[in-house]
Structures are given as structure tokens and as C-alpha cells.
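My structure is below; once you've seen it, I'll send some questions.
Labels below follow one simple rule: chain letters A, B, ... track the order of the sequence lines, proteins then strands, and each chain is numbered from 1. Keep in mind that what you see is a predicted model, and the values were worked out from it rather than measured. Because only heavy atoms are used, hydrogens play no part in the values below, and waters and symmetry mates are left out as well, while side chains stay in.
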Protein chains: 2
Amino acid sequence: MITTKNCVIRLSRYKNALNRFKSLGFVKVFSDNLADAVGVTSSQVRKDFSIFGISGNKKGGYKVDELVEKINIILGKNEIQQVILVGAGHMGKALLKYKGFEKEGMKIVACFDVDPTKLNREAQTPILSTKEMKDFVQSRRIKVGIIAVPDAAAQAVLDQMLEAGIKGVLNFAPITLRGAEDTVVNNVNIELELENVIYYVNALGKASRANENQDFKI
Amino acid sequence: MITTKNCVIRLSRYKNALNRFKSLGFVKVFSDNLADAVGVTSSQVRKDFSIFGISGNKKGGYKVDELVEKINIILGKNEIQQVILVGAGHMGKALLKYKGFEKEGMKIVACFDVDPTKLNREAQTPILSTKEMKDFVQSRRIKVGIIAVPDAAAQAVLDQMLEAGIKGVLNFAPITLRGAEDTVVNNVNIELELENVIYYVNALGKASRANENQDFKI
DNA sequence: AGTATATTGTGAATAATATCACATTAAAAC
DNA sequence: GTTTTAATGTGATATTATTCACAATATACT
Ligand SMILES: NC(=O)c1ccc[n+]([C@@H]2O[C@H](COP(=O)([O-])OP(=O)(O)OC[C@H]3O[C@@H](n4cnc5c(N)ncnc54)[C@H](O)[C@@H]3O)[C@@H](O)[C@H]2O)c1
Ligand SMILES: NC(=O)c1ccc[n+]([C@@H]2O[C@H](COP(=O)([O-])OP(=O)(O)OC[C@H]3O[C@@H](n4cnc5c(N)ncnc54)[C@H](O)[C@@H]3O)[C@@H](O)[C@H]2O)c1
């Protein structure tokens, strides 16, 4: 199976759209419906499904329940995914309070921090010392973690996490971390995303003011 | 100038790398240095610069100061960019406390919420009623906003923002919003990003267990 | 001053990704 | 039961993005 980054992301989007369709009472959907919901072409939808070996019914579209089930298995949503968080600062606390992960079968099972004043083993999600991280991760065979520490500490924290056995990381520090061969690091750089919005707003503004948008493509 | 989404994002990354080079005392850099720092090829760096009309010196590379200056102008960093935030919940508060935006010339000048208990006009960044949003945005000619409200409210909030004159939005609600013709919406879907990490961790795990990674491409 | 060298800048080649278009086929209509 | 219809599934094609490769040239060296 040859997958590319984008087709996995689209798979998640299809799943989200399907859940909305389901809650609206849909029993079957067509590639066109999904395409509209996600903002891609219907052949993109069918091609993606074809890549993941998902098939529907000629003329009959896809049965929503079956499709959700198939996608959930591909995305590992058939079991609860345990995740650790490193960094109990502003961002870390927001993530800890966030209800959305559990709804999607992902659970932050512990948070780690170096600052002793942040620790709290009694909290619903315990905040432990980073010294305890390796043991915790190894004993529970946890494979996924989130980095929410300052940029200067991010690389060291990534190293510690990989050393402990973590294989995939979602990084919020505004510095592009790269992992080893058999690991995944996904960088969410919020500053950069905002900067990007600002660029296009300025670009669109210039284009419309000068009406020179022939040579402007977004 | 034909730009594609990725080359603008890379431009931000080059800028970040350059700032690091600068703080290390570098006076000039070569496309190779930037390529290594950002994780792309050197011809990608030169091609990107060529697209934005940035030129360096044959044999001499690029003078860091000049390059930073040019990129900053392209990215609109020559003036402070005023941004509003809608939603003063967990995520909104984390964003309000975040120091990193100001360092990058972006400032959240006000936050808006529907919940009267969240309002606080005396805070360093005032938290105002959404009813006041339109006036605020129009009088200050603000063009950029951030959405940090629950998904169910996100589309309505986007509509209100565009109605007020906002042209570009960074959306944290886990639903893909799409704007009008002359607007930009950048969706940061954290659940989806984590889901994506989990997919690859599982995929890598399967591939290494079965040693079937011939047909696995990431 | 003249030559060698290292790096840029970019058109051409290649690779990756998305769309098209249509043969196939299950369901609906008659 | 046959025909019509409306969808899927996918190879072929088009588009988009990246890398290659090398001419142009500024700097360093002799
Ligand atoms: N707050 C935001 O809204 C926001 C926005 C964009 C990006 N970010 C990024 O997210 C990251 C976290 O931001 P924040 O606002 O939560 O920062 P913060 O300073 O509030 O929290 C950082 C936390 O990390 C802990 N820490 C520091 N070094 C550590 C280490 N080596 N091991 C474990 N824990 C360590 C600190 O004790 C602190 O609790 C930063 O990289 C920041 O740039 C945050
Ligand atoms: N907290 C996180 O770490 C996190 C992680 C991933 C995604 N998100 C997403 O970010 C968004 C905000 O999350 P949160 O945890 O801050 O939620 P929250 O419930 O803590 O806060 C939401 C805020 O939005 C306000 N609000 C609701 N409707 C509004 C409206 N129409 N106009 C203005 N304000 C309105 C509420 O009063 C509240 O203050 C959500 O869409 C969530 O899915 C949050």
C-alpha cells in the first residue's frame, strides 16, 4: 500500500465528515457527498479509498457504518490510544483540559514536567516528574507523546522521549524537530500558521488593490 | 509571482533558521546552510528565493541581515500585525498568555467571547463581548483573527468575523472552515494531527514487525 | 591581471500528486 | 427479465512540486 502524507490526513477528514453525516441520520453516502464535505474532488475520495483498499457498492455508494468502521481500523481507532504529554505550562494545561481527544479515542494518560511546583500526582491526569517518564512509558508500552515545552528544551525532551521508547511525537514548540528513522514527528507551529495567514491577507490585499491578481495564485 | 502554499511556509522556516544563524553570529549564509537547517535541498531554497525575487551573491551566498530584512518584508513583518481572538476558553487563554507572538511582530489586541463571566475589559489584553467585535475590527481596520470556540460555534463565528471585515483566520476548531473568495482560512486541527501521528506509529510498527516495509512509503 | 573556484539562479528533467474519463456493475425502472 | 441509470474503481493523463545540472559570475588565489 503506497500512502502519502496527505491521503492519511484526508482519511481523518472523511472520518470526521462521516460522523457528522451519521449524526444527521445518513445511512449511505456517495463519494460526491464526502468530497463536498471535505473540499476535494470525488475522484480524490475514490482514489484515496482505493489506496486503502476500501470499496463501496457500484451505484449504491458506501454504507456509512461500514465505512466508518473500516476507516477507524486503518486509523487505529478500534482501541484507545494512550498518549503522554510533556510540559504542563499554558499549552499543556489547555491540552489536559481538552475533552476532544477522548471523544476520538485518544487519552492523555500522564503529563511530565521538570518544574516541581507543577507536579500533582492526584490530578485526574497525574503530572509527574520527567525523571519518572522512562519507567512510565516502558511499563505501559506507550508509543505516542506530545511536546509542549519551550523551544529551547524541545530537542532534549524529544531525545528523552525517543530514549524511553516513544515512536511518534506531536510537537508544539516552534522549532522543527526531526526524529530517527523509525519514528514520526509532527510539528504544529502555531506562530508559523498565523504568519502564513498574515502573508496571504497582505498578498490578497495587494492583489485586489492593484487588480494585478493575474500573477497571483494561492 | 507564482507562489504555492508550501513555499510561503518554507519562507517562514528560512526566516526562523536565519534568526538562529544570526544569534550565532553568522554574517552570511549559503543555500546549503539554510537547506540543512530547514530540512530541504539547497536547490529548493534557491528556487524559493527565485520565486520571491530574492537574490544573493554568486559565490558569496546571502548576507544574513539583508536576507532577513527581505523575507520580513515579504511576510509582512516590517510592521506589527494586529490580530483578534474569539473564544476565551482553555485554548484562547493559552494563546493570550503566549509571549511568542509578540516576538514575531504579531499581537493579539483583543479577545471576544459570548460568555459574560469571561469578560474583562481591564486585562492586559481586554476580553470583550462579541457584540463589540464588529466596531472594534472596523475602527482599527483589523484583518486577521483567531477562532478558539467550540466546533459547533465555529462557522457562525467565522461568518461574524468576515462580516466585520476580517480577511484571514486561523481556526483551532476541529472542523474545516472555508472562507469566501478573497479570504484565507487556515485550519489547525490538533486532534487530526495527533491521529496522524498515531496512524504512522501503528503503520511503522506493523511494517517493522512484518518486515514488509517494501510497500510502505511515508 | 589572470586563473581557479565556489556558489548562485534558473530552465529542463523528473517525481509526486490530483484529475479525467470511462469500463464495469449493482440497483432501479419498466 | 430486460433496459436504463447512477454510481464505483482505476488506468491514463494532466498538473504541480521538486530536483538536476550547468551557465553565469563574484570572490579568492597566485
Ligand atoms: N501557549 C500557547 O498558546 C502557545 C502557542 C504557540 C506555541 N506554543 C509553544 O508551546 C510550547 C509550550 O508553550 P507554553 O505557553 O505552554 O509554555 P510555558 O512556559 O507556559 O510552559 C512550558 C512548560 O514546560 C516545562 N518544561 C520546561 N523544560 C522542560 C523539560 N526539559 N522537561 C519537561 N518540562 C519542561 C516548564 O516547567 C513549563 O511548565 C512552547 O514551545 C511554545 O512556543 C505555545
Ligand atoms: N483546549 C485544547 O487544548 C484544544 C485542543 C484541540 C482543539 N481545540 C479546539 O479549540 C477550540 C476551543 O477549545 P477550548 O478548549 O478553548 O474550549 P472551551 O470550551 O474551553 O472554550 C470555548 C470558549 O468559546 C466561547 N464561545 C462559545 N461560543 C462562542 C461564540 N459564538 N462566540 C464567541 N465565543 C464563544 C465560550 O464561552 C468559551 O469561553 C475548540 O474548537 C476545540 O475543539 C482545543
Inset, instruction - Using a 4.0 Å heavy-atom cut-off across all strands, classify B/Ser55 as base, sugar-phosphate, or nothing. - result: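 The residue B/Ser55 makes sugar-phosphate contact but no base contact.
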Inset, instruction - Specify the separation, in whole Å, of atom CD1 of A/Ile51 and atom C1' of C/dT17. - result: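 Computing the A/Ile51:CD1 to C/dT17:C1' distance gives 9 Å.
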Inset, instruction - For each nucleotide in nucleotides 22-30 of chain D, reading 5' to 3', give B when a protein heavy atom comes within less than 4.0 Å of its base, S when such contact involves only the sugar-phosphate, and - otherwise. - result: --BBBBS--
Legend entry - Length of the line joining A/Ile9:CD1 and C/dT17:P, which is rounded to integer Å: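 It is 12 Å, rounded to the nearest whole Å.
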Inset, instruction - Using only side-chain N and O atoms of A/Tyr62, determine if any of them is under 4.0 Å from OP1 or OP2 of D/dG9. - result: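 So the side chain of A/Tyr62 is within the cut-off, an N or O lying under 4.0 Å from OP1 or OP2 of D/dG9.
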Legend entry - Pair A/Tyr62, A/Asn57: side-chain N/O donor-acceptor within cut-off below 3.5 Å: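 Checked: A/Tyr62/A/Asn57 side chains show no N/O donor-acceptor pair below 3.5 Å.
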Legend entry - N/O (side chain, B/Ser43) to phosphate O (OP1/OP2, D/dC20) under 4.0 Å: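 For B/Ser43, the contact criterion (side-chain N or O under 4.0 Å from OP1 or OP2 of D/dC20) is not met.
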Legend entry - Non-neighbouring partners of A/Asp65 that pass side-chain hydrogen bond (donor to acceptor under 3.5 Å, both in side chains), sequence neighbours left out: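 side-chain hydrogen bond (donor to acceptor under 3.5 Å, both in side chains) list for A/Asp65, sorted by chain: A/Lys22.
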Legend entry - Protein-nucleotide distance (A/Asn6, atom CG; D/dT16, atom C1'), rounded to Å: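 It is 12 Å, rounded to the nearest whole Å.
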Inset, instruction - State which of C/dG9, D/dT18, D/dA12 makes the closest approach to the side chain of B/Gln44. - result: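 When the side chain of B/Gln44 is considered, D/dT18 is the closest of C/dG9, D/dT18, D/dA12.
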Legend entry - Interatomic distance where CG belongs to A/Asp48 and C1' belongs to C/dA18 [whole Å]: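 It is 10 Å, rounded to the nearest whole Å.
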Legend entry - Gap between atoms CG and C1', on B/Asn33 and C/dT7 respectively (whole Å):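 Checked: the CG to C1' distance equals 11 Å.
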Tabulate below the donor-acceptor pairs under 3.5 Å that side-chain atoms of residues 168-175 of chain B make, not counting sequence neighbours, or state none.
from     : atom 1 : to       : atom 2 : distance (Å)
B/Asn171 : OD1    : B/Ala173 : N      : 2.9
B/Asn171 : ND2    : B/Ala173 : O      : 3.2
B/Asn171 : ND2    : B/Ile175 : O      : 3.0
B/Asn171 : ND2    : B/Asn187 : OD1    : 2.9

Legend entry - Contacts of B/Phe21 that satisfy ring-ring contact (aromatic ring centres under 6.0 Å, His included) - sequence neighbours left out: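 ring-ring contact (aromatic ring centres under 6.0 Å, His included) list for B/Phe21, sorted by chain: B/Phe26.
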Inset, instruction - Please report how far the helix from C/dA1-D/dT30 to C/dC30-D/dG1 bends, comparing the axis fitted to its first five pairs with the axis fitted to its last five, to the nearest 10 degrees. - result: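 Comparing the axis at each end, I get an angle of 10°.
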Inset, instruction - Would you please name every residue forming a side-chain contact (heavy atoms from CB on, under 4.5 Å) with B/Asn72, sequence neighbours left out? - result: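 Counting only residues at least two positions away or on another chain, B/Asn72 forms a side-chain contact (heavy atoms from CB on, under 4.5 Å) with B/Lys15, B/Val68, B/Lys77.
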Inset, instruction - Rounded to the nearest angstrom, tell me the gap between atom CG in B/Leu34 and atom C1' in C/dG9. - result: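 Roughly 15 Å, once rounded to whole Å.
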Legend entry - B/Asn202 side-chain N/O to A/Gly76 backbone N/O, donor-acceptor pair under 3.5 Å: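 No, B/Asn202 side chain to A/Gly76 backbone: no donor-acceptor pair under 3.5 Å.
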Inset, instruction - Remember a base hit wins even if backbone is also touched, and classify B/Thr41 as base, sugar-phosphate or nothing at under 4.0 Å, heavy atoms. - result: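 Touches sugar-phosphate only.
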Inset, instruction - Report which part of the nucleic acid B/Phe49 touches: base, sugar-phosphate, or nothing (heavy-atom distance under 4.0 Å, all strands). - result: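 B/Phe49: no heavy atom of the nucleic acid under 4.0 Å.
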Inset, instruction - Considering just the side-chain nitrogens and oxygens of A/Ser31, establish if one lies under 4.0 Å of OP1 or OP2 belonging to D/dT8. - result: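 True: A/Ser31 side-chain N/O within range (under 4.0 Å) of D/dT8 OP1/OP2.
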Inset, instruction - Taking atom types as modelled, find out whether B/Asp159 and B/Gln155 have a side-chain donor-acceptor pair closer than 3.5 angstrom. - result: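 Yes, side-chain donor-acceptor contact under 3.5 Å.
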Legend entry - Criterion side-chain contact (heavy atoms from CB on, under 4.5 Å) against A/Ser12, the qualifying member of A/Ile74, A/Leu75, A/Val38: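 Output: one option passes, namely A/Leu75.
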Inset, instruction - Output yes when a side-chain donor or acceptor of A/Asn33 lies under 3.5 Å from a complementary backbone atom of A/Phe30, and no otherwise. - result: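 Yes; at least one donor-acceptor contact below 3.5 Å.
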Legend entry - Atom-pair distance (NZ on B/Lys5; C1' on C/dT17), nearest Å: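 Answer to the nearest Å: 17 Å.
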Legend entry - Separation of B/Lys28 NZ from B/Lys63 NZ (nearest 0.5 Å):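 Here the rounded value is 10.0 Å.
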Inset, instruction - Give the rounded distance in Å between these two atoms: CG of B/Leu67 and C1' of C/dT7. - result: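 After rounding, the reported distance stands at 15 Å.
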